[in-house]
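Atoms within each ligand, like the ligands themselves, are counted from 1 in listed order. Since we're looking at a predicted model, the values are computed, not measured.
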Amino acid sequence: MTVIPDSVPLGVALPETADSTLLSSLSSLLTRWLPNQRWFAGKGRPLDGLTLAAATELLPCRPGSATPGLLHLLVTAHQGRDTDCYQLLLGVRAVLPPALVPALIGRPETGPLRGCAVYDAVPDPRLTAVLLERLRAPGRLGALRFLREAGTAIGSGLSPRPLNAEQSNSSVVYGDAFILKLFRRVAPGSNPDLELPLALARAGCREVPAPAAWFESAEPPSGGGPLTLGILQPYLTGSSDGWQLALRALADGESFEGPAHALGRATAYVHTALARTLPTDVLAGGELAALAEEMTERLDRATEAVPELDRYRPALRDAFRAVVDMARAGHQVPVQRIHGDLHLGQVLRTGASAGGGSWALIDFEGEPAKSLAERRTPQPVLRDVAGMLRSFDYAAHSRGATAASRAWARANRRAYRAGYEEAAGTELRAQAALLRVFETDKAVYEVLYEARHRPSWLPIPMAAVRRLAGGPG
Ligand SMILES: Nc1ncnc2c1ncn2[C@@H]1O[C@H](COP(=O)(O)OP(=O)(O)O)[C@@H](O)[C@H]1O
Ligand SMILES: O=P(O)(O)O[C@H]1O[C@H](CO)[C@@H](O[C@H]2O[C@H](CO)[C@@H](O)[C@H](O)[C@H]2O)[C@H](O)[C@H]1O
């Protein structure tokens, strides 16, 4: 791009004049491409337009050059009154190799990149290698700041490959040693997916992969703090996620109670370490009433999207009222930072083939639909426990709700609770009413999630809603 002098090697913020020409030339291509991405959060609503929040050239983009360029953009998507900021990493080449053709976004007809192939850079190892180099050498580059945890060794020359998982974000694995998670929808303020694992690792908790390096963008003029953009952490080679393992055990007619028990213990260790390291509080009186109100509102929103929920609404509202009764009876509920969206897909088991195995919790972002402020608010630990209990129910139902699969789910739920109680030193039985409230709230969340993302899965949380509302399961 002509605005960048040859002498600037890497990472420059584009001058504002270049920003506006750049975006106007890319705008129509990105407006078509963005809504089709798995991670685009505003599906089903028209995209009215895009504005550019920040642009940084990580590798020079020169039309006609044989070497690829790399542009880092933060763009704001406008949908009615809603705005969301997305992180885009764009490759720029004169000629696109066949392997990268599926990543093509388009060829701008005007502006500084006229005629170049502009594409999603995540599948291009030549470009993602640059990100690792930047993370190895902390410092500021244009609008971006690269940081590294003291005392971590990050090797050079590790070959990158994109992780081909259905994800809310995009990840790149480097030589099976590290994984870089690139957040797609970003917001000002520290992302709990960095904040919590960093605090846990620094506190010596071994149940999370420790962040090794990360990068962020400067605080926007509207405030709120820097935006967390990407996190590099050790790649747990040979691990399998809990969802795959549970389904395999179910299909093979094998018990999963040992791993479920260990998972309960791992969850408790993480909770205990979080309570030791980060602020805690208690909810009482009006705050408990507000919690019930929040759950009721979520139920009302879900009912608007899934009218089938309406017949269960009175019973579910009654269930939430248990929290108001607790408030009236003068109960206090401890709250602390938690995982926020714990399920079998968020836990990785390593070393299982050697007979032992240990669990690691990943993806501390919280429920994707909640704002960053909501996700960072201290919560009762039972929210996480309930999430995992629901997940055993999901696994069983995804293979047909037979008597055997239901018994399998019950046994694993019991084992998970027992492991948790043992390691946390708490009696979950004494909190059964509140645990049921959180399971109910999670099932309502899942109804809305499935209706939006995977309608064919809707019967799974609907069956739970029916059961929790007092009907047959
Ligand atoms: N440290 C890790 N080691 C090995 N695999 C990982 C690691 N972190 C994430 N993964 C893999 O990447 C997938 C997506 O990671 P996750 O943090 O859940 O991203 P997203 O928020 O985009 O869903 C996980 O399901 C897991 O398969
Ligand atoms: O992993 P994410 O943070 O993107 O979480 C969202 O998607 C999950 C599905 O991938 C969804 O989890 C639900 O389905 C799981 C099986 O696929 C099941 O194990 C969970 O118990 C169930 O909640 C999660 O709710 C959603 O936030």
Have a look at ligand 1 and work out which part of D193, if any, has a heavy atom under 4.0 Å from it: side chain, backbone, both or neither. neither
Non-hydrogen atoms of L89 and D120 that approach each other most closely: O-OD1, 3.6 Å
Taking non-hydrogen atoms only, is I179 closer than 4.0 angstrom to ligand 1 via side chain, backbone, both or neither? side chain
Could E367 and R375 be called an ion pair, given the rule that one side-chain N must be under 4.0 Å from one carboxylate O? no
Sub-4.0 Å atoms of ligand 1 with respect to non-hydrogen atoms of N169: 20 (P), 21 (O), 22 (O)
Does only the side chain of L348 get under 4.0 Å from ligand 1, or the backbone, or both, or neither? Count heavy atoms. side chain
Identify the closest protein heavy atom to atom 5 (O) of ligand 2: which residue and atom is it, and at what distance? D341 OD2, 3.1 Å
Nearest non-hydrogen partners of A262 and R349, listed with the distance: CB-NH1, 4.2 Å
For I362, which part has a heavy atom under 4.0 Å from ligand 1: side chain, backbone, both, or neither? side chain
If you measure from atom 20 (C) of ligand 2 to every heavy atom of H343, E450, K370, E365, which option wins on shortest distance? H343
Which heavy-atom pair separates G340 from D384 by the least distance, and what is that distance? N-OD1, 2.9 Å
Ligand 1 versus P234, non-hydrogen atoms closer than 4.0 Å: side chain, backbone, both, neither? backbone
Run the contact test for Q346 against ligand 2 with a 4.0 Å cut-off on heavy atoms, strictly below, and give the result. yes
Hey, does P220 have a side-chain heavy atom less than 4.5 Å from the side chain of L227? yes
Mode of P368 contact toward ligand 2 - side chain, backbone, both, neither (heavy atoms, under 4.0 Å): side chain
So which of H397, R454, H453 gets nearest to atom 10 (O) of ligand 2, if we judge by its closest heavy atom? R454
K442 with D341: basic N within carboxylate O range, under 4.0 Å: yes
Short N/O distance, under 3.5 Å, between K181 and ligand 1? yes
When you compare the side chains of Y269 and R265, does any donor N or O come within less than 3.5 Å of an acceptor on the partner? yes
Under 4.0 Å between a side-chain nitrogen and a carboxylate oxygen: does that hold for R414 and E257? no
Ligand 1 N/O within reach of Q233 N/O, cut-off under 3.5 Å: yes
Would E367 count as a contact residue for ligand 2, given that I'm defining contact as a non-hydrogen atom of the residue lying under 4.0 Å from a ligand atom? no
Regarding R161 and the six-membered ring of Y235, is the cationic atom NZ or CZ under 6.0 Å from the ring centre and inside 45° of its axis? yes
Would you check whether Y235 has a nitrogen or oxygen atom less than 3.5 angstrom from a nitrogen or oxygen atom of ligand 1? no
Out of L163, L232, D363, the nearest non-hydrogen contact to atom 13 (C) of ligand 1 is supplied by L163
Does S168 come within less than 4.0 Å of ligand 2, judged by its heavy atoms? yes
The test is ring-ring contact (aromatic ring centres under 6.0 Å, His included); show your working for H271 and Y420 and say whether it passes. CA-CA 10 Å; H271 281 164; Y420 188 92; 5.6 Å; yes
Using 4.0 Å as the upper bound for N to carboxylate O, is an ion pair formed by R436 and E439? no
Any atom of ligand 1 sitting under 4.0 Å from a heavy atom of S171? no
Option of least heavy-atom distance to atom 11 (C) of ligand 2 (set: W457, Y445, Y394, Y449): Y449
Looking only at protein heavy atoms, identify the closest one to atom 23 (O) of ligand 2 and say how far it is in Å. E446 OE2, 2.7 Å
Give yes or no for whether the N/O distance cutoff of 3.5 Å, strictly under, is met between S391 and ligand 2. yes
Identify whether the distance between the nearest side-chain nitrogen and carboxylate oxygen of R413 and D393 falls below 4.0 Å. no
Criterion side chain to side chain contact (heavy atoms under 4.5 Å, CB included) on L344 and L263, from CA distance to verdict: CA-CA 9 Å; L344 283 163; L263 185 53; 3.9 Å; yes
